[in-house]
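Beneath this line is the structure, given in structure tokens, with notes to follow.
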Amino acid sequence: MSEEKSLNFIEEIVEADLSAGKYQSILTRFPPEPNGYLHIGHAKSICLNFGLAIKYGGKTNLRFDDTNPSTEETEYVESIKEDVRWLGFEWANELYASNYFEQLYQFATQLIEKGLAYVDDSSSEEIATQKGTPTLAGTENQYRHRTVQENIELFSDMRAGKYKDGEKVLRAKIDMASSNMHMRDPIIYRIKHAHHHRTGDAWCIYPMYDFAHGQSDSIENITHSICTLEFIPHRPLYDWCIENLSIFPSKQYEFARLNITYTIMSKRKLLQLVNEKHVFGWDDPRMSTISGMRRRGYPAESIRDFCEKIGVAKRENLIDFSLLEFCVREKLNKSALRRMVVFDPLKIVITNYPNTVEFLESENNPEDSNSGTRTMPFSKELFIEKDDFMEVAPKKYFRLSPGQMVRLKSAYIIKCESVIKDAVGNITELHCTYIPESKSGSDTSGINVKGTLHWVSIAHAINAEIRMYDRLFQVEDVANAAGDFKDHINPNSLQVLANAYAEPALQTDPPTDACQFIRKGYFILDKDSTSTQLVFNRTVTLKDAWAKEVKKA
RNA sequence: UGCCUGAUAGUAUAAGGGUAGUACAACUGUUUUUGGUACAGUUUGUCUUGGUUCGAAUCCAGGUCGGGCAACCA
């Protein structure tokens, strides 16, 4: 039982319960409301719930918390299932709180019969007023003293559709003076003449979260019901319902939700970004949604690894976005195919190279000896990156400049002989010479150069559109920044490069996973690609020590 | 001026009365046909005041600061 990695507080609880014989095995659940797409915060919960079951030999249910028909849709159910599966998890049962509507109705009736629930005719404003404030006790109203029989009939009439929305509610009769606001006779059923995505028009009353969640856990025999910190004040009510209904005692445990710098983690705000067209959709690669990250090229393994690294605790946290990027790079460095793409071209002519084409071999991934090689056409006229040449080079600049030599990756060492300019003095091309005996793999030149550049043969290059993403927000702590969160949107979060020049392998053999454009970063083919136009999303840049050096100067 | 929570490097997370450790970030080097990777190293920390103890991040008491709670949302 003593592993190297220390346990988080929930794992400790589970191990204690198991070793005390409280449970033979554990059952957890992931309970999203189908009113939006899943985001990286949900991934933390998914990894926790499913991870616990895997680690301790239990099971996990996927349960849709669909008790509010006005916000929920089947589209969301489908996306949630896709995202959980993509993350690499399989649920034991696909369930819905709406499966239990009849059972929940019976539970409510039982409470009424025990004198623990009553129908209240007050308006929502009246109920709010009577509730008091955190420092002022609430007051009881006349409806609280209705008889059991009267309540049974009224509740039955509510179900039968005799009342309009808001006319009546069912409340638990607990304590209007409780220091916990949630215990001041919480509403447990409301009237909503709305179409439900699963039960259709069968119901016009719907249970509130507090009367559905715990009971659903209990019905499923969930042993450990894990949720976020804001539900701590609900726990006494969760336990109250289970106790007064005498049903299976599921237990609720709370952990701190995930926050990441420069991003938002709220379904409501994410929906706003989509509706107000600040992004192109739920799966926009800049979004913190699972689908956005998938489209961006983040591997599921990286997201799981990230969730493992951030840990589980009760303290509020704000995780550096760079940790997520680290996880992505760490995985992709090992698995991504290497390719060459020139973003901003500068033509070079190798004056002493014949008018022929040579196919040079280049490794697909130096980190993976099983990844093999590919060939790249090499010719007299090439493109290199404009950034990789400076007419007047500063100290420690290892790239090309007049009279200097560099290696072209997997090809030859070249020397810049002259700079060709147009009438206004713009550099139009470079004339270089190559060292024939410096060919990669059979270099006998004895020359050592500091810089290695990526390149493409102009005649063979194919066109590609590159979409480069940056953080969506400009402030670290978006949720707590002053003003509206939309004031902090980064106006440059997307830069599109319409004409990049890619090596032919990218077209003849399009990669399905993210690949590395050497010296540029990791990129993945986007679904917007067509047979004639490749479109790539930048997943993440490479670390760039030179950029840092330049910044310092 | 209520109730509930929490506080360990810049950010997270361990140490459960006995060496404050790990990861990311930052910074130095070494290696390198990616200024990538890999490797080696450096910097930075127990909110505060008392108490118990041979010994406290850990136990006790007070304070300070942060978060949550008054939706017919979840």
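Keep in mind it's a predicted model, so treat the numbers as computed, not measured. So that the names make sense, note that chain A is the first sequence line, chain B the second, and so on, each numbered from 1.
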Next on the checklist: Centre-to-centre under 6.0 Å for Tyr434(A) and Tyr412(A), is that the case here?
Outcome noted: yes
Checklist entry - When the distance from CD1 of Ile232(A) to P of C3(B) is rounded to whole Å, what number comes out? => result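 In whole Å, C3(B) P lies 16 Å from Ile232(A) CD1.
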Checklist entry - Side chains of Asp65(A) and His213(A): does their closest heavy-atom pair fall under 4.5 Å? => result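 In contact.
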Item to check | Contact nearer the 5' end of RNA chain B, comparing Thr135(A) with His234(A) | outcome: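 Per heavy-atom nearest nucleotide, the more 5' residue is Thr135(A).
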Checklist entry - Relative to Phe485(A), does Lys269(A) satisfy both conditions: NZ or CZ under 6.0 angstrom from the six-membered ring centre, and within 45 degrees of the ring's axis? => result yes
Next on the checklist: When you compare the ring of Tyr209(A) with the six-membered ring of A74(B)'s base, are the centres less than 5.5 Å apart and the planes under 30° from each other?
Outcome noted: no
Complement of [N], any strand, by Watson-Crick or G-U distances under 3.5 angstrom:
| N | value |
| --- | --- |
| A38(B) | U30(B) |
| U64(B) | A7(B) |
| A71(B) | none |
| G45(B) | none |
| A15(B) | none |

Examine [N]: is either OP1 or OP2 under 4.0 Å from a nitrogen or oxygen in the side chain of [X]? Give yes or no.
| X | N | result |
| --- | --- | --- |
| Thr67(A) | A74(B) | yes |
| Lys548(A) | C27(B) | yes |
| Lys309(A) | U22(B) | no |
| Arg519(A) | G35(B) | yes |

Checklist outcome for this item: Winner on side-chain proximity to Asn333(A), out of A74(B), G10(B), U37(B), is U37(B)
Next on the checklist: Which nucleotide wins on minimum distance to the side chain of Arg190(A), given the candidates C72(B), U33(B), A12(B)?
Outcome noted: C72(B)
Next on the checklist: Regarding Pro366(A), tell me which of base, sugar-phosphate or nothing describes its non-hydrogen contacts under 4.0 Å with the strands shown.
Outcome noted: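 Touches a base.
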Next on the checklist: Checking Asn68(A) against Asn35(A): is there a side-chain donor and acceptor pair closer than 3.5 Å?
Outcome noted: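 No, no side-chain donor-acceptor pair sits under 3.5 Å.
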Next on the checklist: Between Glu254(A) and Lys314(A) (salt bridge meaning N to carboxylate O under 4.0 Å), is one present in this structure?
Outcome noted: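 Between Lys314(A) and Glu254(A) there is a salt bridge, with a charged N closer than 4.0 Å to a carboxylate O.
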Checklist entry - Looking only at N and O atoms, is any donor in the side chain of Glu367(A) or the base of G36(B) less than 3.5 Å from an acceptor on the other one? => result yes
Item to check | Between G21(B) and U46(B) - P atom distance, rounded Å | outcome: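 After rounding to an integer number of Å, I get 13 Å for this pair.
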Next on the checklist: With rounding to the closest Å, how many angstrom separate the C1' atoms on G6(B) and U22(B)?
Outcome noted: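 Between the two C1' atoms, the distance is 23 Å.
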